[in-house]
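So the structure is just underneath, and the comments pick up after that.
If you're wondering where the values come from, they're calculated on a predicted model, not measured in any experiment.
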Amino acid sequence: MKSQAAQKSMLAEWLETPRGSYVLAWERRQFDSAVEDVFGFNAVQIGLPGIDFLRESRIPLKFGAGREAGCALRSEPVQLPLASQSMDLVALPHVLEFSSQPHAILREAERVLMPEGSIVISGFNPLSLWGATRA
């Protein structure tokens, strides 16, 4: 089985191919639509720091968190150094599928999310051809 870092690198490389670029453009439109009308003060994108999935958000403070270089807040997704109920929007692009602890990441996202906050999750179906190539 490939390491999580190798799998993320494989995803980043695939997103640069013609098919990957097509999927990424579609996914960005979905994120743009999902975040454009979410209001609040704080938004965090966990993972994939090279792609701004919060670009259409009107929230004034937006930043990335994760282990990867390029994240403004370097931390484990299962243990975010953020106050409970401090985020109005949490974006999880392709984070759960590359983690050995997806439930812990979801619990942590729920912990930092405001009571009326929003969460946007994207990922590939593990039973799809992409999921089969990871196995």
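- E108 places a side-chain N or O within donor-acceptor distance of the main-chain N or O of L80, the cut-off being under 3.5 Å.
- Of all non-hydrogen atoms in A65 and S75, the two that sit nearest each other are CB-OG, 4.4 Å.
- In terms of heavy atoms, A69 sits closest to P49 at O-CG, 3.4 Å.
- With contacts defined as side-chain heavy-atom distances shorter than 4.5 Å, the pair P93/I51 does not qualify.
- Nearest approach of E97 to S122, heavy atoms of both residues: OE1-O, 4.0 Å.
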Would you sort out whether L82 and N42 count as a side-chain contact (heavy atoms from CB on, under 4.5 Å), showing the intermediate values? CA-CA 11 Å; L82 299 170; N42 304 303; over 6 Å; no
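- At least one side-chain heavy atom of V23 sits less than 4.5 Å from a side-chain heavy atom of F124.
- The side-chain heavy atoms of W14 and R19, taken from C-beta on, include a pair separated by under 4.5 Å.
- One distance of note links CZ of R29 with CD of E56; it measures 12.5 Å at 0.5 Å rounding.
- Closest of all the heavy-atom pairs between A104 and V78 is CB-CG1, 3.7 Å.
- Contact annotation: the side chain of F41 never approaches that of L61 to less than 4.5 Å [non-hydrogen atoms, C-beta and beyond].
- Ion pairing between D52 and R28 fails under the 4.0 Å rule for side-chain N and carboxylate O.
- Scanning all heavy atoms of the two residues, the minimum distance from S57 to L89 falls at OG-CD2, 4.0 Å.
- How far CG of L15 is from OG of S21: 7.5 Å, rounded to the nearest 0.5 Å.
- Grouping the Ile, Leu, Val, Met, Phe, Trp and Tyr side chains by contacts below 4.5 angstrom, directly or via other members, places I121 with V95.
- You'll find the side chain of L11 reaches within 4.5 Å of the side chain of F98, heavy atoms only.
- One hydrophobic cluster, built from ILVMFWY side chains closer than 4.5 Å, holds both L113 and I105.
- Considering only heavy atoms from C-beta on, I59 stays 4.5 Å or farther from L54 through its side chain.
- M114 and I119 are not part of a single hydrophobic cluster, where members link through side-chain heavy atoms under 4.5 Å apart.
- Residues F39 and M87 are members of separate hydrophobic clusters, defined by side-chain heavy-atom contacts under 4.5 angstrom among Ile, Leu, Val, Met, Phe, Trp and Tyr.
- Atom CG in L24 sits 9.0 Å away from atom CG in L48 (nearest 0.5 Å).
- If you take CZ on R67 and CD1 on I46, they are separated by 11.0 Å, rounding to the nearest 0.5 Å.
- Going from atom CD of E68 over to atom CZ of R74 covers 8.0 Å, rounded to the nearest 0.5 Å.
- The nearest pair of heavy atoms linking R111 to S84 is NH1-OG, 3.0 Å.
- R55 CZ to Q45 CD: the interatomic distance, rounded to the nearest 0.5 Å, is 11.0 Å.
- If you chain together hydrophobic residues whose side chains sit under 4.5 Å apart, V35 and F63 never meet in one group.
- With respect to E36 and R58, no salt bridge is recorded, no charged nitrogen being found less than 4.0 Å from a carboxylate O.
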